[in-house]
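Here the structure is laid out as structure tokens; the discussion comes afterwards.
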Amino acid sequence: MAESWVNYAERIGVDLHLELSGPGGRRAALTRALREAVRGGRLAPGTRLPPYRSLAADLGVARNTVADAYAELVAEGWLTARQGSGTRVAERARPLRRAVGAPAQAPARAGGPPHDLRQGRPDASAFPRAAWAASYRRALQAAPSEAFGPGDPAGRRELRETLAEYLARARGVRTEPDRIVICSGFAHALRLLFGRDAPGSTGGAGGAGGPAGGGVLRGPLAVEAYGLGFHRDLLAAAGVRTVPLPLDEHGARVAALGPERAVLLTPAHQFPTGGPLRPERRAAVIDWARARGSVVLEDDYDGEFRYDRRPVGALQGLDPERVIHIGSVSKSLSPALRLGWMVLPERFVEPVLAAKGEREGWASVPDQLALADFVACGSYDRHVRRMRQRYRGRRDRLVAALAERAPHIEVTGIAAGLHAVLRLPPGTERTVVEAAARRGVALDGLAAFRHPDGPASAGDGLVVGYAAPADHAYGAALEALCEVLAAA
């Protein structure tokens with residue numbers, strides 16, 4: 001869509017044309033156009049903008065669309081709003097001046113692949129900017145002054161209390177705020193639990209207490225035979241030996257557990273093969289941990305996004321003293337926020353806080369306060385429900401397109417999560433991944449996730465993420481994928 005800003009000069013004394021185009025709907029397009037007008041100098045500092053009603057009438061959009069766009073730009077500092085003075089371009093929002101002799105336009109930065117179907121990436125264009133900005137403003141206004149000084153390594157109390165309530169309600173986690181430690185994501189949690197350089201780790205019962213200079217836990221650590229190589233590399237760098245557990249359609253075969261001190265599982269939705277850990281195996285891994293004095297690390301991967309099955313409660317609910325539950329907002333909101341949490345057995349709280357240290361490795365306090373408000377006011381639940389419907393629609397389009405264009409390809413692991421596994425004929429995975437890359441389609445083969453010492457039990461396949469592309473780009477990505485698979 002492209003629309004002119006009619007009669008704009010009559011209202012504010014300048015002549016300006018805006019085009020509302022691009023992804024994200026009219027509010028996002030208006031926000032983008034105004035930001036570019038300020039950045040490029042077409043709207044000078046101090047310029048007064050028209051009232052919501054006038055601009056909405058000129059553009060043929062809802063008043064709330066204009067109000068939300070103004071509010072977002074005020075929050076970002078591009079605009080200012082004062083009672084009786086209207087909305088104006090901020091004095092500090094001055095255009096970037098080019099150096100003498102510089103080109104009129106810098107060359108565009110190299111972008112990503114034309115069709116991004118990589119796993120683990122939410123739709124960045126769907127970030128709830130207006131709701132998050134509102135929570136951020138409320139949180140900052142309500143925050144006590146001490147929130148901006150040295151704080152608690154465990155994280156802000158407001159967020160820990162909110163998470164304790166939310167995780168109990170939505171995930172069946174049994175905990176209290178004093179057992180929650182805020183971190184910056186799952187990888188940060190692993191570093192705190194196993195990192196070589198964790199200061200002051202003193203140990204505890206049930207396998208806690210690593211060797212000198214080690215982390216809170218020590219290996220060997222059992223892991224699923226298919227998982228993120230990044231996590232295995234992180235553990236290897238900390239000197240932790242990982243032992244692969246075989247997988248089948250019901251998740252990790254926990255009966256193969258032996259003398260390991262801990263096991264890392266994705267019980268809500270096994271990554272990347274899909275599917276929850278079946279009930280008898282959930283009970284069996286708890287029995288193993290109790291008998292061995294070991295601990296279970298629960299990566300609550302994709303716990304919020306399920307489509308064709310009942311919600312699967314957290315494994316932690318079976319035994320809060322034997323399970324460390326780890327979650328984050330990387331998939332549900334954005335990986336850019338760098339906010340996560342560990343729900344710990346009581347004996348691990350102090351060692352983890354000692355590993356975290358007095359000042360470093362903390363998540364941003366304003367972000368913590370904003371997330372607490374975002375969850376408490378219901379915005380997080382509404383966003384997750386909205387995204388659950390969007391991603392389900394994406395998944396259904398993928399399945400329908402493959403059924404029509406590549407019916408020989410079996411699609412699995414689609415009852416939950418943000419990706420599907422496409423089964424390929426034996427010996428074809430590498431060729432298909434390379435063909436997809438030539439066609440501009442970024443995706444992963446199953447082999448990329450296999451533990452180097454584990455069996456190739458999952459066979460040949462592709463891990464296709466259907467969340468990352470914006471809505472306007474998803475159809476083209478599916479078309480390109482189907483062209484590749486039709487020839488497979």
Side-chain angles (χ1 to χ4, degrees), residues 153-154 179-225 227-246 252-267 284-301 315-316 319-328 340-358 360-361 451-454:
R179 293 193 182 194
I180 297 176
V181 173
I182 304 302
C183 56
S184 61
F186 186 81
H188 185 209
L190 285 185
R191 289 188 176 99
L192 290 173
L193 292 170
F194 292 99
R196 262 190 202 281
D197 56 352
S201 54
T202 57
V216 176
L217 300 176
R218 56 186 175 182
L221 171 68
V223 298
E224 294 162 333
L228 278 176
F230 170 70
H231 293 160
R232 291 194 299 268
D233 293 343
L234 185 155
L235 292 163
V240 177
R241 181 170 67 90
T242 56
V243 180
L245 278 178
R253 292 164 56 186
V254 298
L257 284 166
E260 295 83 13
R261 296 177 183 271
V263 59
L264 171 59
L265 299 173
T266 52
V285 75
I286 296 297
D287 291 343
W288 167 83
R290 290 171 178 170
R292 301 285 312 179
S294 300
V295 64
V296 181
L297 276 64
E298 177 179 26
D299 180 359
D300 198 32
Y301 182 81
L315 185 64
Q316 187 268 2
D319 192 338
E321 296 304 324
R322 288 292 165 192
V323 180
I324 298 175
H325 178 89
I326 307 172
S328 78
W341 51 86
M342 287 183 281
V343 180
L344 297 162
E346 185 175 10
R347 68 188 184 280
F348 290 125
V349 173
E350 288 305 319
V352 167
L353 291 179
K356 195 174 184 186
E358 287 299 320
E360 302 305 321
H451 192 289
D453 298 328

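If you're wondering where the values come from, they're calculated on a predicted model, not measured in any experiment.
Between the CG atom in Leu344 and the CZ atom in Arg179 there is a gap of 9.0 Å [rounded to 0.5 Å]. Arg290 contributes atom CZ, which lies 10.5 Å from atom CD of Glu321 (distance to the nearest 0.5 angstrom). With rounding to the nearest 0.5 angstrom, the SG atom of Cys183 is 9.0 Å from the CH2 atom of Trp341. Put simply, CD1 on Ile324 and CG on Leu315 are 12.0 Å apart, with the number rounded to the nearest 0.5 Å. To the nearest 0.5 Å, the span separating OG1 on Thr266 from CZ on Phe186 amounts to 9.0 Å.
Judged purely by atom type and a 3.5 angstrom limit, Trp288 uses its side chain to pair as donor or acceptor with the backbone of Gly258.
Between Leu221 and Arg261, the closest side-chain pair of non-hydrogen atoms is not below 4.5 Å. The side-chain heavy atoms of Leu297 and Leu190, taken from C-beta on, include a pair separated by under 4.5 Å. With a 4.5 Å cut-off on side-chain heavy atoms, Glu260 and Arg292 do not count as touching. In this structure, His325 and Asp300 have side chains that are in contact, with non-hydrogen atoms separated by less than 4.5 Å. Ile326 is not listed as a side-chain neighbour of Asp299, based on a closest heavy-atom distance of 4.5 Å or more.
Closest approach of Ser294 and Arg322 over heavy atoms only: O-NH1, 3.2 Å. Minimum interatomic distance between Lys356 and Ala154 (heavy atoms only, all atoms of both residues): NZ-C, 4.4 Å. Across all non-hydrogen atoms, the minimal contact from His451 to Thr242 is NE2-OG1, 2.9 Å. Closest approach of Phe348 to Val216, counting heavy atoms only: CD2-CG1, 3.9 Å. In terms of heavy atoms, Leu257 sits closest to Ala222 at CD2-CB, 3.5 Å. The shortest heavy-atom contact between Val263 and Val285 is CG1-CG2, 4.0 Å.
Applying the salt bridge (charged side-chain N to carboxylate O under 4.0 Å, His left out) test to pairs two or more places apart or on separate chains, none has a residue in residues 230-241.
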Residue pair Glu224, Leu264: steps toward the side-chain contact (heavy atoms from CB on, under 4.5 Å) verdict: CA-CA 7 Å; Glu224 294 162 333; Leu264 171 59; over 6 Å; no

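The side-chain contact (heavy atoms from CB on, under 4.5 Å) test with Met342 is passed by exactly one of Ile180, Leu192, Val349: Leu192.
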